[in-house]
Amino acid sequence: MGEHPSPGPAVAACAEAERIEELEPEAEERPPAAPEDHWKVLFDQFDPGNTGYISTGKFRSLLESHGSKLDPHKREVLLALTDSHADGQICYQDFVSLMSNKRSNSFRQAILQGNRRLCSKALLEEKGLNLSQRLIRHVAYETLPREIDRKWYYDSYTCCPPPWFMITVTLLEVAFFLYNGVSLDQFVLQVTHPRYLKNSLVYHPQLRAQAWRYLTYIFMHAGIEHLGLNVVLQLLVGVPLEMVHGATRIGLVYVAGVVAGSLAVSVADMTAPVVGSSGGVYALVSAHLANIVMNWSGMKCQFKLLRMAVALICMSMEFGRAVWLRFHPSAYPPCPHPSFVAHLGGVAVGITLGVVVLRNYEQRLQDQSLWWIFVAMYTVFVLFAVFWNIFAYTLLDLKLPPPP
């Protein structure tokens with residue numbers, strides 16, 4: 001009879017907001033502290049018993065009141081963590097893990113504890129999958145070293161958009177090769193044909209001012225033996241990588257390898273032309289192989305040692321063919337046959353920019369310090385090569401072969 005009625009939800013929410021506001025002046029009087037310490041003060045106000053847990057409702061109101069101070073991506077992860085707890089409680093330790101770790105760890109933690117439900121057993125134990133599901137699972141195990149990422153990729157992949165970049169580039173390369181084969185009436189070692197270098201897509205040192213040639217040389221191949229290996233590697237390695245990491249990232253690595261290849265030739269093999277997509281292909285393959293080696297225990301692809309050995313043998317044979325062809329007597333003297341240095345430029349891009357891309361699945365590259373270091377290195381190299389192409393040929397008084 002003398003009991004006071006319990007306050008309604010709106011009154012309780014207002015009281016909680018006032019308690020949060022009362023804490024802010026106290027926090028300002030203290031010396032600067034880590035962001036996690038500030039949040040712990042607020043967290044403890046809703047956990048007077050020091051149990052390490054608060055209700056998800058209180059935690060969500062806390063985020064809505066003070067979430068503007070957080071990185072938006074971290075706030076997104078924390079909200080996902082809030083939505084996932086069916087028991088209605090948030091553990092402070094989980095919260096601290098998300099707040100203190102880098103983006104990569106935060107993202108994986110959110111997959112485990114967020115609202116994207118993942119079954120506890122490994123993907124390989126899943127039964128009754130149809131053909132497309134088995135293909136997606138196969139791609140996940142071929143490219144991703146962590147089970148947590150493999151599950152997230154398997155659950156979220158929709159094949160929209162499809163891996164259009166690598167398929168489009170491959171089809172264009174085959175189409176240009178067939179066209180040149182018919183026009184030259186030669187498919188094996190096309191590069192030995194006297195009219196081969198007259199094509200406006202080939203990079204030629206005398207025509208280096210025509211900037212498109214630093215990219216379009218990928219559509220010209222020395223012969224069917226050259227095209228064949230590049231197409232196989234693009235489809236077997238490039239397409240799965242694009243399915244996982246997307247056309248933008250894989251296209252960036254591929255194009256960076258292509259440009260680095262032609263620029264490397266213009267610096268290190270100044271009199272030689274360049275043909276073939278080996279710069280982009282070697283960038284992707286070397287990045288993939290380096291990622292496997294760096295995450296050896298986590299990669300669960302079958303026969304990985306044997307397959308790495310086969311890939312390295314094939315790449316070595318193709319590189320050996322390019323070296324042999326470069327020093328083989330030219331069919332159009334005094335211009336030598338195309339250079340092999342583009343392969344090395346592609347490898348350099350693959351083990352730097354490429355590895356950073358492949359190691360950061362579904363995470364923002366701009367948050368990775370290594371990404372900016374390698375981007376800076378690549379930019380310096382490109383600028384150096386541009387100035388080299390403008391001034392070095394004149395300063396060195398280099399005699400270039402006549403234009404085709």
Side-chain angles (χ1 to χ4, degrees), residues 32 34-36 68-78 97-111 143-146 148-149 152-153 165-166 211 214-215 237-238 241-264 266-268 279-295 298-299 341-389:
E36 304 92 86
S68 60
K69 302 175 184 178
L70 288 174
D71 177 273
H73 291 270
K74 268 192 177 176
R75 187 174 184 275
E76 176 187 345
V77 170
L78 289 169
S97 298
L98 290 173
M99 290 299 296
S100 59
N101 290 351
K102 292 182 179 179
R103 169 66 177 162
S104 59
N105 291 333
S106 299
F107 183 80
R108 296 187 188 105
Q109 193 83 356
I111 293 174
T143 56
L144 296 171
R146 301 173 184 85
I148 203 172
D149 291 338
W152 163 240
Y153 169 73
F165 177 80
M166 294 309 307
Y214 289 91
L215 278 174
V237 178
L241 289 178
E242 185 178 347
M243 289 174 65
V244 173
H245 298 279
T248 302
R249 290 189 175 193
I250 297 305
L252 174 65
V253 175
Y254 187 87
V255 172
V258 169
V259 174
S262 53
L263 289 177
S266 70
V267 172
V281 171
Y282 275 53
L284 292 180
V285 176
S286 59
H288 182 51
L289 295 180
N291 191 43
I292 292 176
V293 172
M294 294 169 65
N295 300 279
M299 297 298 292
V341 177
H343 297 68
L344 304 180
V347 171
V349 169
I351 61 177
T352 53
L353 290 174
V355 168
V356 176
V357 169
L358 298 192
R359 291 189 66 189
N360 290 281
Y361 167 67
E362 284 290 333
Q363 293 125 44
R364 298 186 303 169
L365 293 176
Q366 58 266 36
D367 287 347
Q368 312 298 320
S369 56
L370 269 181
W371 169 254
W372 292 111
I373 292 173
F374 290 141
V375 165
M377 291 171 58
Y378 184 82
T379 304
V380 168
F381 166 71
V382 170
L383 292 175
F384 169 79
V386 168
F387 282 104
W388 181 273
N389 277 275

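Values in this document were obtained by computation on a predicted structure and should not be read as measured data.
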**OP:** Answer whether the closest heavy-atom distance between the side chains of Val357 and Trp371 falls below 4.5 Å.
**Re:** yes
Original post:
So which heavy atom on Ala287 is nearest to which on Gly350, and how close?
Top reply: CB-O, 3.2 Å
**OP:** For residues Tyr214 and Asn389, report the shortest heavy-atom separation together with the two atoms involved.
**Re:** OH-OD1, 3.5 Å
Subject >> Minimum-distance pair of heavy atoms, taken over all atoms of Ala260 and Gly345 >> reply: CB-O, 3.9 Å
Original post:
Is the closest side-chain heavy-atom distance between Tyr254 and Leu241 below 4.5 Å?
Top reply: no
Subject >> Separation between CZ of Arg146 and CZ of Arg359, rounded to the nearest 0.5 Å >> reply: 7.0 Å
Original post:
About how many Å separate CG of Leu252 and NE2 of His245, when rounded to the nearest 0.5 Å?
Top reply: 13.0 Å
Original post:
Under 4.5 Å between any side-chain heavy atoms of Met166 and Leu284, yes or no?
Top reply: yes
Original post:
With Val258, which of Val349, Leu215, Val253 fulfils side-chain contact (heavy atoms from CB on, under 4.5 Å)?
Top reply: Leu215
Original post:
Do Leu144 and Asn291 have side chains that get closer than 4.5 Å, going by heavy atoms?
Top reply: no
Subject >> Heavy-atom donor-acceptor pair, Glu242 side chain to Phe165 backbone, under 3.5 Å >> reply: yes
Subject >> For Ile351 against Ser286, the heavy-atom pair lying closest together >> reply: N-OG, 4.2 Å
Run the side-chain donor-acceptor check on residues 373-385: report pairs under 3.5 Å with partners two or more places apart or on a different chain.
from: Tyr378; atom 1: OH; to: Ala256; atom 2: O; distance (Å): 2.9
from: Thr379; atom 1: OG1; to: Val375; atom 2: O; distance (Å): 2.7

